[in-house]
Amino acid sequence: MSIAVRLPDDSLRQLPDGATGADLAAGIGTRLLDAALAIRMDGRLSDLKTPLNDGASVAIITNKDPESLELIRHSTAHLLAQAVKRLYPSARVGIGPVIEDGFYYDFLVEKPFTPEDLPIIEAEMRKIVQEGVEVVHEDLGRDEAIARFEAMGEPLKVEVVATIPQGDRISGYRQGDFYDLCRGPHVPNTGKLKAFKLLSIAGAYWKGDERNAMLSRIYGTAFHSQKELEEHLKRLEEAKARDHRKLGKELGLYSFHPEAPASPFFHPKGTVVYNELVTYVRELYFKYGYSEVITPQILDVALWKTSGHYENYAENMYFTTAEEREYAVKPMNCPGHCLMFGSQKHSYRDLPIRYADFGRLHRYERSGVTHGLTRVRTFCQDDAHIYCTPEQIKTEMAAFLALLKEVYDTFGFEGMRVALSTRPEKRLGSDAIWDAGEAALGAALDEAGMPYTLNPGEGAFYGPKIEFQILDALKRPWQLGTLQVDYMMPERFELAYTMADGTEGRPIMLHRAVLGSLERFMGILVEHTAGAFPVWLAPVQVAILPITDRAHAFSTEAAARAKAQGLRADLDLRNESLKAKIRDAQLAKVPYMLVIGDREAEAGTVSVRHRHRGDLGVQSLDDFLAGLAQESRERCR
RNA sequence: GCCAACUUAGCUCAGCUGGUAGAGCAGCUGAUUCGUAAUCAGCAGGUCGCAGGUUCGAAUCCUGUAGUUGGCUCCA
């Protein structure tokens, strides 16, 4: 008996019955057998030693195939578990999946791991690699699997087996003294795992649920080669160097204080950036027909009961009492806007009405989840609420998309992705209303030709939302903009407008933001630009550096003239060498430096240096200032 | 909130197993007047996050507390 399989180049190959992927690879060449990690049979990844089916299409997976990276990481996770079990026999294993840039494995241990354990575990892993332990697949019956893991004293694995749907195949893998429940596939031998590193320790709840036991998680990563691993570690370093918390401190932008946990203090330089962002958004509001409003910070709880926040959002709100009356600090602007809308009669001719509000919001976030500027307890949004008729949703949405694209283009954010978040468990309103809202957003996206993914259950309590995600300079994704339809709040506040036939209609409310929170946006922007803001945002746009005090008079004049044009100039009259002044300006990431010595002071010129492009030569002060003003005005990147 | 780690001068960090706190940079003073990433010298600066405890003695050990950091299912 023999079988035939089809190779990727469409050739057929005859093999004896029962032959495996390894046999196939060996038949083609010993070097291929050596490089082989797994096979893909009829589109499905499988172990190298899987028996081949007659007539199947089979490809040998090696390091060159993209799917092999995941394979290696998964097998490295197992290698980690094996090493841990050898070193700490009492440890119970949880799960060990592959994640974005590596893998993790969770363990139930009496004493959590410490960072000092990592090198020890890693050394044991290398030992197992040296041993070249064979990794063997085994099919298991459900009862057999449960019995086996019970016998092994692995309660978490037993629990996992119980969650595997009836009818699914259950399989285990043996590698020497270690046995694990796993879907696979895996590399055939631990000797194939060459480049890996354990990175960190973290506590993690079993199944991510805080009611469950806390496990000790070890994160690691693996690559095909040491070189790729090192490159990856270098990228991590780069990201660390751009960390907005570090740069914010170094550049004097903002600080945090225990007196106001997770609440930023913007220093003068950070405030310049912040205000420039607001100015920019204001200009766009003018262009796109928004009206800015100002609303109170603290409002009676009665309002929050009307809006539904009291029932659905109270755990994120701050409360306060005065004269025995209970108030809440606003976590959102929308209820205030509804009061304003409702205070006047509106005609269909007035709609849409777009209220924009930079009001300061406070939201209580659990202490463990705050993070620098990106997750804070007080912030402002470039927030606006659009009251419109049902027919106007589509045009409003199209206009919003145009606004969004304009803004993201200004900052150089690319790779926009869109997600539609649907009804959460905790919500207001009937299913019919949610059906309508989700359908309206979906249809609007379809009409705009924007592909999107679904985030089931991630919507706001008052309505579904669209979230817009971009990629920064390091290709990391960030969610910025959002657009939400809300039928509920107009209903609860009994908002109305007079329709053409004289009867009353209920407006639809759209919640939307482009930058999202200004605080968070600033953090993202610091990382995106590595702190080197474009001229229009730079706290100091030009540093004026006299070489000797003979040049002080002209330098002072240059600074005054820059200031007269609305430019932010810093005059460095310190008794320091030019080199030192340049170094300080470079470290402060000032876009332009003007070197002024005797020659320049004499001729009324400046020697221009750019923070990235270096010495740009001499030009007249007027020409330089005109160019700088233009670069700032046009918001060049 | 939970698990773990961290918290020493304005900043970045030393300070071994407990024996009365140190550097660089920044700051201040003075000298130097200099051409594209740090001129030199001197001075000053900390009740070691906070509160208890152990000890003859605590930055160091223990307990509590605050803040920060890494995480808390991209499902065997």
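Side chains are part of it too, since the values below use all heavy atoms of this structure and drop only hydrogens, waters and symmetry mates. Numbers restart at 1 for each chain; the letters A, B, ... are given by sequence-line order, proteins then strands.
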Undergrad: So what's B:U36 paired with, Watson-Crick or G-U wobble, going by both distances under 3.5 Å?
TA: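 By the stated definition (distances under 3.5 Å), nothing pairs with B:U36.
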Undergrad: Using the C1' atoms only, state how far B:G52 lies from B:A44, rounded to an integer number of Å.
TA: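 Taking atom C1' in both B:A44 and B:G52, they lie 34 Å apart.
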Undergrad: Once you round it to whole Å, what is the distance between C1' of B:C72 and CZ of A:Arg366?
TA: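 Distance, rounded to whole Å: 9 Å.
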Undergrad: Set out, in order, the CA-CA distance, both residues' side-chain angles and the distance that settles salt bridge (Lys or Arg N to Asp or Glu O under 4.0 Å) for A:Glu230 and A:Lys234, then state yes or no.
TA: CA-CA 6 Å; A:Glu230 270 156 30; A:Lys234 218 171 106 193; over 6 Å; no
Undergrad: With heavy atoms under 4.0 Å as the rule, sort A:Val161 into base, sugar-phosphate or nothing.
TA: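 Here A:Val161 touches no strand at all.
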Undergrad: Among the nucleotides B:C2, B:U73, B:U68, which one has an atom lying closest to any side-chain atom of A:Tyr104?
TA: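 Nucleotide nearest to A:Tyr104's side chain: B:U73.
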Undergrad: Got a sec? Which of residues 216-224 of chain A come in under 4.0 Å of RNA chain B, heavy atoms?
TA: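 A:Arg217, A:Tyr219 - these, ordered by number, are the residues of the stretch whose heavy atoms sit under 4.0 Å from the strand.
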Undergrad: Using a cut-off of strictly less than 4.0 Å between a heavy atom of the residue and any atom of RNA chain B, enumerate the qualifying residues of residues 90-102 of chain A by number.
TA: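 A:Ile95, A:Glu100, in order of number.
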Undergrad: Rounded to the nearest Å, what distance is computed from the NZ atom of residue A:Lys207 to the P atom of nucleotide B:C3?
TA: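 My rounded result for the distance is 21 Å.
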Undergrad: Hey, does the side chain of A:Arg375 come within less than 4.0 Å of B:U69's phosphate (OP1/OP2), counting only N and O?
TA: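 So the side-chain polar atoms of A:Arg375 never come under 4.0 Å of the phosphate oxygens OP1 or OP2 of B:U69.
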Undergrad: Is any side-chain N of the basic residue among A:Arg44 and A:Asp42 closer than 4.0 Å to the acidic one's carboxylate O?
TA: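 Judged by the 4.0 Å cut-off on N to carboxylate O distance, A:Arg44 and A:Asp42 do not form a salt bridge.
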Undergrad: Using whole Å, what does the distance between atom P of nucleotide B:C72 and atom CG of A:Asp106 come to?
TA: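 One finds 10 Å between P of B:C72 and CG of A:Asp106, rounded.
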Undergrad: Which whole-number value in Å describes the distance from A:Arg574 CZ to B:U29 P?
TA: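 These atoms are roughly 14 Å apart.
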Undergrad: Rounded to whole angstrom, note down the C1' distance from B:G53 over to B:G18.
TA: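 To the nearest whole Å, 15 Å.
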Undergrad: Please state the C1' separation for the pair B:A21 and B:G15 - nearest whole angstrom.
TA: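 To the nearest whole Å, 8 Å.
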Undergrad: Side-chain N or O of A:Lys246 versus OP1/OP2 of B:C11: is the shortest distance under 4.0 Å?
TA: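 For A:Lys246, the contact criterion (side-chain N or O under 4.0 Å from OP1 or OP2 of B:C11) is not met.
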Undergrad: Would one find more than 12 heavy atoms of other residues, nucleotides or ligands at under 6.0 Å from atom CD of A:Glu70?
TA: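 12 or below, so no.
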Undergrad: Holding to ring pair (Phe, Tyr, Trp, His ring centres under 6.0 Å), I want the full list of residues that pass it with A:Tyr318, two or more places apart in sequence or in another chain.
TA: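 Not a single residue meets the ring pair (Phe, Tyr, Trp, His ring centres under 6.0 Å) criterion with A:Tyr318.
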Undergrad: Sort out the partner of B:A41 for me: Watson-Crick or G-U wobble, both distances under 3.5 Å, none otherwise.
TA: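 Pair assignment: B:A41 / B:U29.
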Undergrad: Take atom C1' in B:C50 and the same atom in B:C40, then report the distance between them in whole Å.
TA: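 Their C1' atoms lie roughly 42 Å apart.
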Undergrad: Between A:His137 and A:His186 (judged by ring centroids, cut-off 6.0 Å), do the two rings come close enough to count as a pair?
TA: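 Ring centres of A:His186 and A:His137 not closer than 6.0 Å.
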Undergrad: Applying a 4.0 Å non-hydrogen cut-off, can you work out what A:Ser171 is touching in the nucleic acid: base, sugar-phosphate, or nothing?
TA: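 Base contact.
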Undergrad: Would you please name every residue forming a side-chain contact (heavy atoms from CB on, under 4.5 Å) with A:Arg235, sequence neighbours left out?
TA: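 Per chain and number, A:Arg235 pairs via side-chain contact (heavy atoms from CB on, under 4.5 Å) with A:Glu231, A:His232.
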Undergrad: Measure the acute angle between the ring planes of A:Tyr313 and A:Phe461, then classify it against the limits of 30° and 60° as parallel, tilted or perpendicular.
TA: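 Plane angle between 30° and 60°, so tilted.
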Undergrad: Quick one: A:Leu118 CG to B:G71 P, roughly how many Å, whole number?
TA: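 Result: 14 Å.
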Undergrad: So which nucleotide does B:U7 pair with, by the Watson-Crick or G-U wobble rule with both distances under 3.5 Å?
TA: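 B:A66 - that is the nucleotide pairing with B:U7, both distances being under 3.5 Å.
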Undergrad: Go nucleotide by nucleotide along RNA chain B from the 5' end; which of A:Ala262 and A:Met214 gets its closest nucleotide reached first?
TA: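 It is A:Met214 whose nearest nucleotide is closer to the 5' end.
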Undergrad: Using a 4.0 Å heavy-atom cut-off, does A:Gly372 contact any base of the nucleic acid, only the sugar-phosphate backbone, or nothing at all?
TA: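 Since only primed, P, OP1 and OP2 atoms lie under 4.0 Å of A:Gly372, the category is sugar-phosphate.
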Undergrad: What is the pairing partner of B:C74, taking Watson-Crick or G-U wobble pairs with both distances under 3.5 Å in any strand?
TA: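 B:C74 is unpaired by these criteria.
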Undergrad: Does A:Lys581 reach a base, just sugar-phosphate, or nothing at all? Heavy atoms under 4.0 Å.
TA: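 No contact at all - A:Lys581 keeps every heavy atom at 4.0 Å or more from the nucleic acid.
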Undergrad: Can you tell me the pairing partner of B:A21 across any strand shown, Watson-Crick or G-U wobble, with both distances under 3.5 angstrom?
TA: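 Result: none.
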Undergrad: How far does the P atom of B:U12 sit from the matching atom of B:A41, given to the nearest Å?
TA: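 Nearest-Å result for B:U12 against B:A41 at atom P: 26 Å.
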Undergrad: For A:Lys589, is the NZ atom crowded, meaning more than 12 foreign heavy atoms sit under 6.0 Å from it?
TA: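 Yes.
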Undergrad: What contact category does A:Ala202 fall into here, base, sugar-phosphate, or nothing, at under 4.0 angstrom with non-hydrogen atoms?
TA: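 Base contact.
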Undergrad: Can you tell me if NZ on A:Lys85 sees more than 12 non-hydrogen neighbours from other groups inside 6.0 Å?
TA: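 Counting other residues, nucleotides and ligands, NZ of A:Lys85 exceeds 12 neighbours.
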Undergrad: Compute both the distance and the angle, then confirm whether A:Arg73 meets the cation-pi test with A:Phe103: under 6.0 Å from the six-membered ring centre, within 45 degrees of the axis.
TA: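 No.
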Undergrad: Kindly confirm or rule out a cation-pi arrangement of A:Arg148 over A:Tyr179, judged by NZ or CZ under 6.0 Å from the six-membered ring centre and within 45° of its axis?
TA: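 Yes, a cation-pi geometry holds between A:Arg148 and A:Tyr179.
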Undergrad: Give none if B:A14 has no partner; otherwise give the nucleotide forming a Watson-Crick or G-U wobble pair with it, both distances under 3.5 Å.
TA: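 Result: none.
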Undergrad: Starting from the 5' end of RNA chain B, give me the residue, A:Trp206 or A:Phe113, whose nearest nucleotide shows up first.
TA: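 Final value for this comparison: A:Phe113.
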Undergrad: Between P on B:C74 and CZ on A:Arg476, what's the gap in Å once rounded to a whole number?
TA: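 It works out to 20 Å between those atoms.
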Undergrad: Within the structure shown, what part of the strands sits under 4.0 Å from A:Leu545 by heavy-atom distance: base, sugar-phosphate, or nothing?
TA: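 No contact at all - A:Leu545 keeps every heavy atom at 4.0 Å or more from the nucleic acid.
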Undergrad: Give me the distance, rounded to whole Å, that separates B:G45 from B:U8 when you measure between the C1' atoms they each carry.
TA: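 To the nearest whole Å, 14 Å.
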Undergrad: Please give, in whole Å, the distance from B:C50 P to A:His257 NE2?
TA: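 Atom-to-atom, A:His257 to B:C50, this comes out as 17 Å.
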Undergrad: What string of B, S and - do you get for nucleotides 33-42 of chain B 5' to 3' if you count protein non-hydrogen atoms under 4.0 Å?
TA: BBBBBBB---
Undergrad: May I ask you to decide whether A:Arg245 forms a salt bridge with A:Asp243, counting only side-chain N to carboxylate O separations under 4.0 Å?
TA: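 A salt bridge is present here (some side-chain N lies under 4.0 Å from a carboxylate O).
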Undergrad: Across all strands shown, which nucleotide pairs with B:G46 by Watson-Crick or G-U wobble geometry, both distances under 3.5 Å?
TA: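 Its partner is none (no Watson-Crick or G-U wobble pair with both distances under 3.5 Å).
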Undergrad: Please give the distance between the P atoms of B:C11 and B:G46 as a whole number of Å.
TA: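 It works out to 14 Å between them.
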Undergrad: Rounded to whole angstrom units, what separation is found between the CG atom of A:Leu251 and the P atom of B:U12?
TA: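 My rounded result for the distance is 13 Å.
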Undergrad: Once the angle between the rings of A:Phe113 and A:Phe107 is folded into 0 to 90°, is it parallel (under 30°), tilted (30 to 60°) or perpendicular (over 60°)?
TA: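 Taking A:Phe107 first and then A:Phe113, their aromatic rings stand perpendicular (interplane angle over 60°).
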Undergrad: Could you walk me through whether A:Tyr254 and A:Glu519 pass the side-chain hydrogen bond (donor to acceptor under 3.5 Å, both in side chains) check?
TA: CA-CA 10 Å; A:Tyr254 37 80; A:Glu519 278 72 5; over 6 Å; no
Undergrad: Please state the C1' separation for the pair B:C2 and B:A58 - nearest whole angstrom.
TA: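 About 31 Å, rounded to a whole number of Å.
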Undergrad: Table please: side-chain donor-acceptor pairs of residues 255-268 of chain A below 3.5 Å, with sequence neighbours left out.
TA:
unit_1: A:Ser255; atom_1: OG; unit_2: A:His257; atom_2: NE2; d: 2.8
unit_1: A:Ser255; atom_1: OG; unit_2: A:His267; atom_2: NE2; d: 2.6
unit_1: A:Ser263; atom_1: OG; unit_2: A:Pro261; atom_2: O; d: 3.1

